[in-house]
4 protein chains.
Amino acid sequence: MGKIEEKKKEKKQALLASAFQLFTEKGVDNTSVSEIVKDANMAKGTFYLYFKDKYEIHNYLIAYHANLIFEKAYEILDHQVLEKVFDSVEDAVIFLTGSIIDQLEANLSLMKFISKNLSWGVFSKIRIMDYDNQNCMDIFDSLLQAFSKKYRQKELMIYMIVELINATCYNVLLYREPVRLDELKPELFVAIRNLLKQFEE
Amino acid sequence: MGKIEEKKKEKKQALLASAFQLFTEKGVDNTSVSEIVKDANMAKGTFYLYFKDKYEIHNYLIAYHANLIFEKAYEILDHQVLEKVFDSVEDAVIFLTGSIIDQLEANLSLMKFISKNLSWGVFSKIRIMDYDNQNCMDIFDSLLQAFSKKYRQKELMIYMIVELINATCYNVLLYREPVRLDELKPELFVAIRNLLKQFEE
Amino acid sequence: MGKIEEKKKEKKQALLASAFQLFTEKGVDNTSVSEIVKDANMAKGTFYLYFKDKYEIHNYLIAYHANLIFEKAYEILDHQVLEKVFDSVEDAVIFLTGSIIDQLEANLSLMKFISKNLSWGVFSKIRIMDYDNQNCMDIFDSLLQAFSKKYRQKELMIYMIVELINATCYNVLLYREPVRLDELKPELFVAIRNLLKQFEE
Amino acid sequence: MGKIEEKKKEKKQALLASAFQLFTEKGVDNTSVSEIVKDANMAKGTFYLYFKDKYEIHNYLIAYHANLIFEKAYEILDHQVLEKVFDSVEDAVIFLTGSIIDQLEANLSLMKFISKNLSWGVFSKIRIMDYDNQNCMDIFDSLLQAFSKKYRQKELMIYMIVELINATCYNVLLYREPVRLDELKPELFVAIRNLLKQFEE
DNA sequence: GATGAATGAGCGTTCATTCAT
DNA sequence: AATGAATGAACGCTCATTCAT
């Protein structure tokens, strides 16, 4: 019956929502299963019907939200590409980067949650999960194709760009160290343009 | 009497050694104080004579080992500089980077330990601790001066380089994803050269 | 289902019984939660399902047993009042006192437990708890009304009488110092009669 | 050598002073030997050269300070008796009581410290200790003799008076329950006069 | 499928006491 | 006599997990 399936999905979503809120609020280590189920209005045992343990729900959430950020960024980008706003791939990537940084800046606890947990491996696993979004790589890929430019080692290039953004923004956004975001941004954009050039065929 | 002081230092060293081994083997969260003192052949209470809690010994170890890596790299570099091996700062930085990566590759659990815990703030605090070494920034600084080249925003530049190295090497060293180390290295080196150029005055 | 509720009540009762025995035997400070649950044949965690900490069960027991003593004394008194045994309020109060002293004498560890912990504030809080008995003040009140005599500052009067009884009996019952109980009693009764007179309007 | 004896007495006094301050400030259970010796500027081991354990120093302090209160009260009284200020024993006892209550009121943490720990047995042991003061009983005794009145069962009488004062003042001073001190005092004085009359021969 | 009472190993931390110096 | 480093049992408390209902 579809209704049962629906109810199960609702339960799972409720658990995910509660866990995400608590994880970002107080950290994963300081959040207990008890608190999650309490917040989700469920019995403790129910949690274990949907997730093997606390770490499964943790990984799920990282992948989910990391993907969400790219999705949102791409959504905005897509409109602009269609409207031929950008002269080059470089400009589009910079725009994408800016969009991602803006999202992270607007939600620091989300950035904290994702950043230190986001490993390259997670992206490739996102598809396995039950939300059928495009992932980060596809987004870049389609972007690069849209401008029909040829880059070698596309995956490595994207990897280096993503890691550079993530790594440099972390301290800057959370602690304003060693510089403020508005000081980092222009240099980061130049560095990304250079990385793109570096991988041109 | 000096003998007591000596014994105390030995105890502290034993605790640091045991903690480091266990932290790198099983992670900080999965290592208990009980295990540390057991490994160090001490009573539980003794731990608290030397460290306020698990996190104090953790921070101590991060700063200590991060510093050690730079020190070792710089030691080698120093000899080469004296012998005028390098034509430019760029070459020297690349050499330094290579040396650091080699160390990380040779000790993956150390890399794992440092990488996810190393925040920019830690560097500035290293001096405070009781080993009076030069730190990362000083090393770069003296390097740059040695070649009397002028760069703007040196701190930001170093920050971006260090974060790029750290971030890109993590997955590559630990999971060989998305490429192997020997595939990453040349591109990383080019990227670093570009970053240096970007900050030339 | 009622069965679960019943089992929970049984568990709580078992904890209370074990705690009371250990508290009176060895004192509150020398009794650990571990010992209580061991005596009650339960896991340590179970204790914390029923009481916030050691002090909650402690307060519960003080109030409970203090109330119990008054209740028992009043029960007997009630019958006698109905049978018009007493000529005056004074006689009834003396009877009540005697009855309370007898109970304390029969259970010295109970007396020790209650005496040093019983503060005036506890009485007013007894009602809050889940046994809905009359408390000390109500008992005296109804007694005084039964004989329709008017006293001023009833609460202060009762306070002074109760404290006098409690304070003088403590050393006498536990250490027979400075006199034996049978030497104290007549003088205590006279003193109480004088206190009652003192507060007549 | 006398100097060594003197130094030892100084150390003991320092420990007593530190312990008393900490006991009254934070309670006996929340004060550790570590804190006492730290406050007294001594090594931990030194404590055990002077006291068997924490409880020995505790008992010592109770007896000492309880005695001190009576002493102070008597000192004042003595002058007044010599000057024939009082017409009767009753008046003198009331004065003594007032003086004791004033001291307790002026130092609530002292009152808290003494009150619940003061047992009749402590008084008789005071003499054993190394401060050779008169104790409570002697004070009353000499008072009664000064007025050459005859009371029966003097010890019991004093016991009841002292316990009544102590017991009724405790809650009133600490929590103002069930009445304020100025409401208790007149009634307490009347009750004491009645007790004295009760024991007249 | 859902519950939540029960578990108990494990946590970090304290501290009275000992004893080599 | 004085020290203070070392001890380790014991503490209160947490919480992931189980399982009878």
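A, B, ... follow the sequence lines: proteins, then strands. Residue 1 opens every chain. The structure presented is a predicted model; accordingly, all values stated were derived computationally and were not measured.
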Between CG of C:Asp53 and C1' of F:dC11 the distance, given in whole Å, is 13 Å

What is the separation between atom CD on B:Glu5 and atom P on F:dT3, rounded to the nearest whole Å? 17 Å

Whether the side chain of B:Asn171 engages the backbone of B:Leu174 through a donor-acceptor N/O pair (distance < 3.5 Å, no angle test) should be reported. no

Check every strand shown and say whether A:Lys11 touches a base, only sugar-phosphate, or nothing at a heavy-atom separation below 4.0 Å. sugar-phosphate

In terms of ring plane angle, is the pair A:Phe23 and A:His58 parallel, tilted or perpendicular, where the classes change at 30° and 60°? perpendicular

Length of the line joining B:Leu15:CG and F:dA6:C1', which is rounded to integer Å: 12 Å

Within the 4.0 Å heavy-atom criterion, would you say B:Phe51 contacts the bases, only the backbone, or no part of the nucleic acid? nothing

Can you find a side chain N or O atom of A:Thr46 that sits less than 4.0 Å from OP1 or OP2 on E:dA2? no

Measure from the side-chain N and O atoms of C:Asp53 to the backbone N and O of C:Glu56, and report whether any donor-acceptor pair falls under 3.5 Å. yes

If you pin C:Lys44 and A:Ser34 to their nearest nucleotides in DNA chain F, which one's is more 5'? C:Lys44

No-hydrogen, no-angle side-chain donor-acceptor test under 3.5 Å, A:Thr31 and A:Asp29: no

What's the CD1-C1' distance between A:Ile36 and E:dG4, to the nearest Å? 17 Å

Looking only at side-chain atoms of B:Ile4, point me to the closest of E:dA5, F:dA5, F:dT3. F:dA5

Taking for each residue the nucleotide of DNA chain E with the nearest heavy atom, is it C:Ala43 or D:Gly45 whose nucleotide lies nearer the 5' end? C:Ala43

note: C:Phe47, atom CZ; E:dA5, atom P; distance rounded to Å ~ 17 Å

For the side chain of A:Met42, counting heavy atoms from C-beta on, which of E:dG12, E:dT3, E:dG8 is nearest? E:dT3

Just the rounded figure in Å: distance from P of F:dA2 to NZ of D:Lys12. 13 Å

Checking base pairs now: Watson-Crick or wobble, both atom distances under 3.5 Å. What partners F:dT3? E:dA20

When you get a sec, tell me which of E:dG12, E:dA2, F:dA16 is the closest nucleotide to the side chain of A:Val33? F:dA16

Against the side chain of D:Lys54, the closest entry in E:dG12, E:dA16, F:dA5 is E:dA16

Would you classify C:Ser32 as touching base, sugar-phosphate or nothing, given that sugar-phosphate means primed atoms plus P, OP1 and OP2, and contacts are heavy atoms under 4.0 Å? sugar-phosphate

Separation of E:dT13 atom C1' from B:Ile57 atom CD1, nearest Å, is 15 Å

Sub-3.5 Å donor-acceptor pair from the side chain of C:Lys26 to the main-chain atoms of C:Asn30, do we have one? yes

On DNA chain F, nearest-nucleotide positions of C:Lys7 versus A:Thr31: which is more 5'? A:Thr31

What I want to check is whether an N or O donor and acceptor connect the side chain of C:Lys3 with the base of F:dT21 at under 3.5 Å. no

Would you mind classifying the nucleic acid contact of A:Tyr48 as base, sugar-phosphate or nothing, using non-hydrogen atoms under 4.0 angstrom? base

Sugar-phosphate only, base, or nothing, as touched by A:Lys8 at under 4.0 Å among non-hydrogen atoms: nothing

Grab the CG-P distance between A:Leu49 and E:dA2 for me, whole Å please. 6 Å

Identify whether any heavy atom of B:Tyr55 sits under 4.0 Å from a base atom; if not, whether one sits that close to sugar-phosphate; answer base, sugar-phosphate or nothing. nothing

Strictly by modelled atom types, are D:Gln21 and D:Ser18 linked by a side-chain donor-acceptor pair under 3.5 Å? no

It should be established whether A:Tyr50 places a side-chain nitrogen or oxygen under 4.0 Å from OP1 or OP2 of nucleotide E:dA2. yes

